[in-house]
Chemist: 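Can you keep this structure in mind? I'll have questions shortly.
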Amino acid sequence: MKRRGPNPPGHLSDEAKAWWRGVVTDYELEPHHLRLLQLAAEAWDRSQQARAVIDKEGITTTDDRKNVRAHPAVGIEKDARTGFARLVRELDLDVDAPPSRTRPPALRSNRRGA
């Protein structure tokens with residue numbers, strides 16, 4: 001029988017909620033991990049929202065001086081994707097789930113002597 005974890009925040013997309021459920025089922029997460037998981041799911045949703053705007057309006061826009069510029073959603077998508085990738089790495093979810101279904105392994109400190 002699979003372990004059940006806390007429910008995902010209600011404001012997340014169905015896709016992000018499904019991912020959340022998979023993570024909390026596969027890992028034993030501390031409260032601070034759940035906060036990072038929420039931020040990661042929100043970043044994913046934000047990147048997908050920006051992607052939908054880009055798909056509809058295009059990757060570029062023209063300003064009032066007729067200069068072609070990157071659509072603002074391009075930056076939003078990039079920042080959200082970067083945030084998502086960093087949060088997944090911070091949670092050590094970028095590797096296969098451990099067979100014992102335990103919490104993510106602690107990251108080694110980059111400080112000397114630690």
Side-chain angles (χ1 to χ4, degrees):
M1 185 167 138
K2 281 197 165 196
R3 181 180 65 226
R4 288 187 47 129
N7 291 325
H11 66 278
L12 297 176
S13 69
D14 290 343
E15 182 181 17
K17 286 178 184 177
W19 177 71
W20 167 289
R21 288 183 189 103
V23 172
V24 298
T25 298
D26 290 344
Y27 292 94
E28 183 180 315
L29 302 175
E30 299 293 329
H32 66 280
H33 292 134
L34 292 174
R35 290 180 186 262
L36 294 173
L37 182 62
Q38 178 176 337
L39 291 173
E42 290 167 345
W44 175 261
D45 279 349
R46 183 71 66 229
S47 73
Q48 296 307 296
Q49 291 165 346
R51 165 64 32 207
V53 170
I54 293 165
D55 288 346
K56 181 179 177 185
E57 298 178 13
I59 199 166
T60 60
T61 188
T62 304
D63 66 17
D64 57 347
R65 295 183 179 167
K66 307 294 183 207
N67 296 313
V68 176
R69 306 265 187 222
H71 193 290
V74 171
I76 294 168
E77 181 188 31
K78 177 185 172 197
D79 290 347
R81 284 181 178 207
T82 301
F84 175 79
R86 287 178 179 166
L87 289 160
V88 166
R89 187 175 60 230
E90 181 71 22
L91 288 164
D92 276 343
L93 301 178
D94 56 344
V95 296
D96 290 335
S100 63
R101 297 185 184 272
T102 60
R103 75 175 60 125
L107 297 176
R108 286 182 271 173
S109 174
N110 61 2
R111 290 179 267 163
R112 290 179 186 221

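Bear in mind the structure is a predicted one, so any value in this text is a computation, not a measurement.
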Chemist: Any chain of hydrophobic side-chain contacts (each under 4.5 Å) joining Y27 to L39?
Modeler: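 Y27 and L39: one cluster.
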Chemist: So for atom CZ, which belongs to R46, do other residues, nucleotides or ligands contribute more than 12 heavy atoms lying within a distance under 6.0 Å?
Modeler: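 No, not enclosed.
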Chemist: What is the minimum heavy-atom distance between R81 and S47, and which atoms define it?
Modeler: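 So the two residues come closest at CG-CB, 3.9 Å.
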Chemist: For G5 and V24, which heavy atoms make the closest approach, and how far apart are they?
Modeler: CA-CG2, 3.9 Å
Chemist: Looking only at heavy atoms, what is the nearest atom pair of A43 and G83, with distance?
Modeler: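 That would be CB-C, 4.4 Å.
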Chemist: For the residue pair D63 and R69, what are the closest heavy atoms and their distance?
Modeler: OD2-NE, 3.4 Å
Chemist: Please name all residues satisfying side-chain hydrogen bond (donor to acceptor under 3.5 Å, both in side chains) with R86, sequence neighbours left out, ordered by chain then number.
Modeler: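 Expected list: none.
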Chemist: Once salt bridge (Lys or Arg N to Asp or Glu O under 4.0 Å) is applied, do any residues pair with E42, and if so which ones, sequence neighbours excluded?
Modeler: none
Chemist: Going by ring pair (Phe, Tyr, Trp, His ring centres under 6.0 Å), name the residues that satisfy it together with W44, two or more places apart in sequence or in a different chain.
Modeler: F84
Chemist: If you compare all heavy atoms of A70 against all heavy atoms of T61, which two are closest, and at what distance to 0.1 Å?
Modeler: O-CG2, 4.0 Å
Chemist: Roughly how far apart are E30 CD and R35 CZ, rounded to 0.5 Å?
Modeler: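 These two atoms lie 13.0 Å from each other.
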Chemist: Backbone N or O of P6 within a donor-acceptor pair of the W20 side chain at under 3.5 Å?
Modeler: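 The answer is yes, because a donor-acceptor pair under 3.5 Å joins these two groups.
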Chemist: Do I76 and V53 share a hydrophobic cluster, counting only Ile, Leu, Val, Met, Phe, Trp and Tyr and linking them when any side-chain heavy atoms are less than 4.5 Å apart?
Modeler: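 As far as the 4.5 Å side-chain criterion goes, V53 and I76 are not connected within one cluster.
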